[in-house]
Undergrad: 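Structure below; questions to follow.
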Amino acid sequence: MHSMLKSFVFLIFFPCAVFGGNLIFNGSFELGTEGFGNLRTLRPDTNPDLKFRYPQVEKKRHANGKPILKIDNQVAEYWAFHSRDFRLEAGKTYTLSGNLKSSVSGYPLAVVVYSVDIQNKWRVHYEAFKVQTEWRRYEWSFTADHTETYHLQLRGQEQTPLAAVTLEVNDLRLVEKNSASPDRLTGAVVPRKLLCEYPAERSVTVDLKLHNPLASRIDDTVTVVAADDDTGEERFRTDLPVSLPAGGTAALKFDLPLTHYGTMRISGSTKSTSDIIEQYVSVIGKYERKAVDFGKDF
């Protein structure tokens with residue numbers, strides 16, 4: 001049996017949104033891979049450099065005009081692709097759909113909607129698609145049996161041997177069946193550095209990625225606030241005007257001043273309904289060795 005080295009990338013899942021429309025944050029991938037996490041088990045026998053292959057948004061677009069996410073698994077490793085959390089209500093029926101294409105005909109793709117509570121109790125809705133080598137839209141409906149916070153997971157079905165495959169994904173949607181709830185402005189706060197050294201660094205550049213999935217223009221203002229994650233004290237605030245046509249995207253840039261050690265939570269909000277993922281920046285200082293006077297320093 002080949003030895004395996006496990007490598008994990010975790011997404012920090014923030015409190016879930018309770019809006020209508022598409023429950024999968026950034027299911028169109030217009031914001032890149034923001035809102036998703038990826039897990040892989042690296043195989044030294046097929047991947048001797050132990051290279052972690054991240055899902056990538058391709059430059060080309062699908063015929064529907066939306067981006068394509070490529071999951072490269074030509075090294076035949078175990079992989080799993082996870083969404084941000086969302087809330088489902090007991091007794092309601094939901095429909096998951098998406099465009100899929102595989103380099104292997106009939107590739108078995110596991111589609112899992114799951115929840116894990118603090119007692120480690122799992123609730124799982126499961127379906128399997130046989131993904132073909134041409135683009136097709138796949139659809140699955142299920143009824144939630146508990147009101148809980150859930151995630152979506154896509155992964156190759158466990159099989160021996162694991163398949164060497166490239167999977168392409170486009171326009172993932174999870175909606176309440178027969179619901180007319182609209183989509184909303186989505187966004188992500190993306191600092192260019194998550195760990196900064198003060199006072200050598202006095203600011204960090206932050207990108208605010210935004211997407212308008214609506215069929216109408218959005219004119220609004222995004223209020224960005226950075227607060228100390230421990231005390232809640234506000235450290236920074238700015239208003240960024242945004243004007244996005246239907247289907248449009250934008251990346252707004254600002255500099256966040258660094259004035260204190262610790263961790264700042266950066267969040268964004270608008271007057272209209274929106275869903276913007278917050279993020280954190282940690283600020284540390286360089287340790288300098290020196291004598292300690294226990295009578296004065298403590």
Undergrad: Using modelled atom types only, decide if a donor and an acceptor are shared between the side chain of R184 and the backbone of N22 within a distance under 3.5 Å.
TA: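 Answer holds: yes.
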Undergrad: Is any side-chain heavy atom of L100 closer than 4.5 Å to a side-chain heavy atom of V169?
TA: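 Yes, their side chains come closer than 4.5 Å.
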Undergrad: Angle between ring planes, Y150 versus H125, binned at 30° and 60°: parallel, tilted or perpendicular?
TA: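 Rings of Y150 and H125: tilted, 30 to 60°.
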Undergrad: Is L96 close to I24 at the side-chain level, that is, under 4.5 Å between some pair of heavy atoms?
TA: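 Of all side-chain heavy-atom pairs linking L96 with I24, at least one is under 4.5 Å.
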Undergrad: Between CG of L258 and CE of M264, what distance do you get to the nearest 0.5 Å?
TA: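 Nearest 0.5 Å value for the CG-CE distance: 5.0 Å.
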Undergrad: Taking T249 for the side chain and H211 for the main chain, is one N or O donor matched with an acceptor at less than 3.5 Å?
TA: no
Undergrad: Hey, what do you get for CG (L23) to CG (L174), rounding to the nearest 0.5 Å?
TA: 5.0 Å
Undergrad: What heavy-atom pair brings P257 and F236 nearest, and what distance separates the two atoms?
TA: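 Where P257 meets F236 most closely, the heavy atoms are CD-CD1, 3.4 Å.
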Undergrad: Side-chain heavy atoms nearer than 4.5 Å, only ILVMFWY residues, links allowed to pass through others: does that put I277 and V206 together?
TA: no
Undergrad: Which pair of non-hydrogen atoms, one from A250 and one from L244, has the smallest distance, and what is that distance?
TA: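 Result for this residue pair: CB-CD2, 3.6 Å.
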Undergrad: Under 3.5 Å, side chain of E288 to main-chain N/O of K286, donor-acceptor pair present?
TA: no
Undergrad: Are any non-hydrogen side-chain atoms of R137 and R173 less than 4.5 angstrom apart?
TA: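 The answer is yes, as the side chains (C-beta and beyond) meet within the 4.5 Å cut-off.
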Undergrad: If we ignore hydrogens and angles and just use 3.5 Å, is the side chain of H151 paired with the main-chain N or O of Y114 as donor and acceptor?
TA: no
Undergrad: I need the L154 CG to L109 CG distance, nearest 0.5 Å.
TA: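 If we round to the nearest 0.5 Å, L154:CG and L109:CG are 5.5 Å apart.
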Undergrad: Using every non-hydrogen atom in the two residues, find where V104 and A164 come nearest and quote the distance to one decimal.
TA: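 Reported closest heavy-atom pair: CG2-O, 3.5 Å.
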Undergrad: Distance from T166 atom OG1 to N73 atom CG, nearest 0.5 Å?
TA: 8.0 Å
Undergrad: Does a side-chain N-to-carboxylate-O contact under 4.0 Å join E148 and K121?
TA: no
Undergrad: Report whether V175 and F29 are members of the same hydrophobic cluster (ILVMFWY, side-chain heavy atoms less than 4.5 Å apart, transitive linking).
TA: no
Undergrad: Are K66 and N99 close enough, and set up right, to give a side-chain contact (heavy atoms from CB on, under 4.5 Å), and what steps lead you there?
TA: CA-CA 11 Å; K66 297 180 181 180; N99 297 317; over 6 Å; no
Undergrad: When rounded to the nearest 0.5 angstrom, what distance separates CG in D228 from OG1 in T263?
TA: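 Nearest 0.5 Å value for the CG-OG1 distance: 8.0 Å.
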Undergrad: State whether E77 and R53 are salt-bridged, where the test is any N-O pair (Lys NZ or Arg NE/NH1/NH2 against Asp/Glu carboxylate O) under 4.0 Å.
TA: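 Salt bridge: no.
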Undergrad: In plain terms, say whether R61 and E30 are close enough for a salt bridge, that is, a side-chain N and a carboxylate O under 4.0 Å apart.
TA: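 Yes, R61 and E30 are salt-bridged.
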Undergrad: Side chains of E34 and Q279: closer than 4.5 Å at any heavy-atom pair?
TA: no
Undergrad: Would N178 and T93 count as a side-chain contact (heavy atoms from CB on, under 4.5 Å) here? Give the steps.
TA: CA-CA 9 Å; N178 301 321; T93 299; over 6 Å; no
Undergrad: Looking at K51 and D72, is there a salt bridge between them, counting it only when a charged N and a carboxylate O are closer than 4.0 Å?
TA: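 No, no charged N to carboxylate O under 4.0 Å.
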Undergrad: Got a salt bridge between D207 and K209, using NZ or NE/NH1/NH2 to carboxylate O under 4.0 Å?
TA: no
Undergrad: Under 4.5 Å between side-chain heavy atoms, hopping through other hydrophobics if needed: is there a path connecting L185 to V190?
TA: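 They do not share one cluster, since no chain of ILVMFWY contacts under 4.5 Å joins L185 to V190.
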Undergrad: Return the minimal non-hydrogen interatomic distance between G268 and V222, and the atom names on each side.
TA: CA-CG1, 4.3 Å
Undergrad: N38 versus F52: any side-chain heavy-atom pair under 4.5 Å?
TA: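 Heavy-atom side-chain distance check passes, below 4.5 Å.
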Undergrad: Answer yes or no: is there a donor N or O on one side and an acceptor on the other, between the side chain of S115 and the main chain of T149, under 3.5 Å?
TA: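 Indeed, once roles are kept as given, a pair shorter than 3.5 Å links the two residues.
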Undergrad: Tell me yes or no: between the side chains of D219 and S243, is some donor less than 3.5 Å from an acceptor?
TA: yes
Undergrad: Could you state the interatomic distance from OH (Y126) to CD (Q157), rounded to the nearest 0.5 Å?
TA: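 If we round to the nearest 0.5 Å, Y126:OH and Q157:CD are 3.5 Å apart.
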Undergrad: Counting only N and O atoms by type, is there a donor-acceptor contact under 3.5 Å from the side chain of D117 to the main-chain atoms of Q119?
TA: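 Yes; at least one donor-acceptor contact below 3.5 Å.
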Undergrad: What do the steps show when you test E233 against H260 for side-chain contact (heavy atoms from CB on, under 4.5 Å), and what is the final call?
TA: CA-CA 11 Å; E233 181 180 351; H260 296 73; 5.8 Å; no
Undergrad: Between F86 and F25, does the ring centroid distance fall short of 6.0 Å?
TA: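 Judged by ring-centre distance (under 6.0 Å), F86 and F25 do not meet the cut-off.
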Undergrad: Between V75 and L162, is there a shared hydrophobic cluster once you connect ILVMFWY residues whose side-chain heavy atoms come closer than 4.5 Å?
TA: no
Undergrad: Could you tell me whether a side-chain N or O of N212 sits under 3.5 Å from a main-chain N or O of P245, the two making a donor and an acceptor?
TA: yes
Undergrad: Is a donor on one side and an acceptor on the other found under 3.5 Å between the side chain of N26 and the backbone of L31?
TA: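 Pair found, side chain donor or acceptor close to backbone of L31.
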Undergrad: Checking side chain to side chain contact (heavy atoms under 4.5 Å, CB included) against R40, which of F81, W79, Y78, Y54 comes through?
TA: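 The passing option is W79.
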Undergrad: Indicate, with yes or no, if L256 and V189 share a hydrophobic cluster defined by side-chain heavy-atom contacts under 4.5 Å among Ile, Leu, Val, Met, Phe, Trp and Tyr.
TA: yes
Undergrad: Check the pair R235 / T259 against side chain to side chain donor-acceptor pair (under 3.5 Å), numbers first and verdict last.
TA: CA-CA 8 Å; R235 302 289 191 194; T259 58; 5.4 Å; no
Undergrad: Grab the two heavy atoms, one from G232 and one from A227, that are nearest each other, plus how far apart they are.
TA: O-CB, 3.8 Å
Undergrad: Less than 4.0 angstrom from a charged side-chain N to a carboxylate O is my criterion; do K271 and D220 meet it?
TA: no
Undergrad: Closest approach of K130 and P108, non-hydrogen atoms and distance?
TA: NZ-CB, 3.9 Å
Undergrad: Do V281 and K193 pass the side-chain contact (heavy atoms from CB on, under 4.5 Å) test, and can you show the C-alpha distance, the side-chain angles, and the key distance before you say yes or no?
TA: CA-CA 7 Å; V281 167; K193 291 185 69 175; over 6 Å; no
Undergrad: Any chance the rings of W140 and F142 have centres within less than 6.0 Å?
TA: yes
Undergrad: Tell me, do P44 and L50 make a side-chain contact under 4.5 Å, heavy atoms counted?
TA: yes
Undergrad: Does any donor atom in the side chain of S28 or D171 lie under 3.5 Å from an acceptor atom in the other side chain?
TA: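 Side chains of S28 and D171: no pair found under 3.5 Å.
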Undergrad: Please answer whether the main-chain N or O of E139 pairs with a side-chain N or O of S97 as donor and acceptor at a distance below 3.5 Å.
TA: no
Undergrad: Could you tell me whether R87 and E89 make a salt bridge, using a distance below 4.0 angstrom between a side-chain N and a carboxylate O?
TA: no
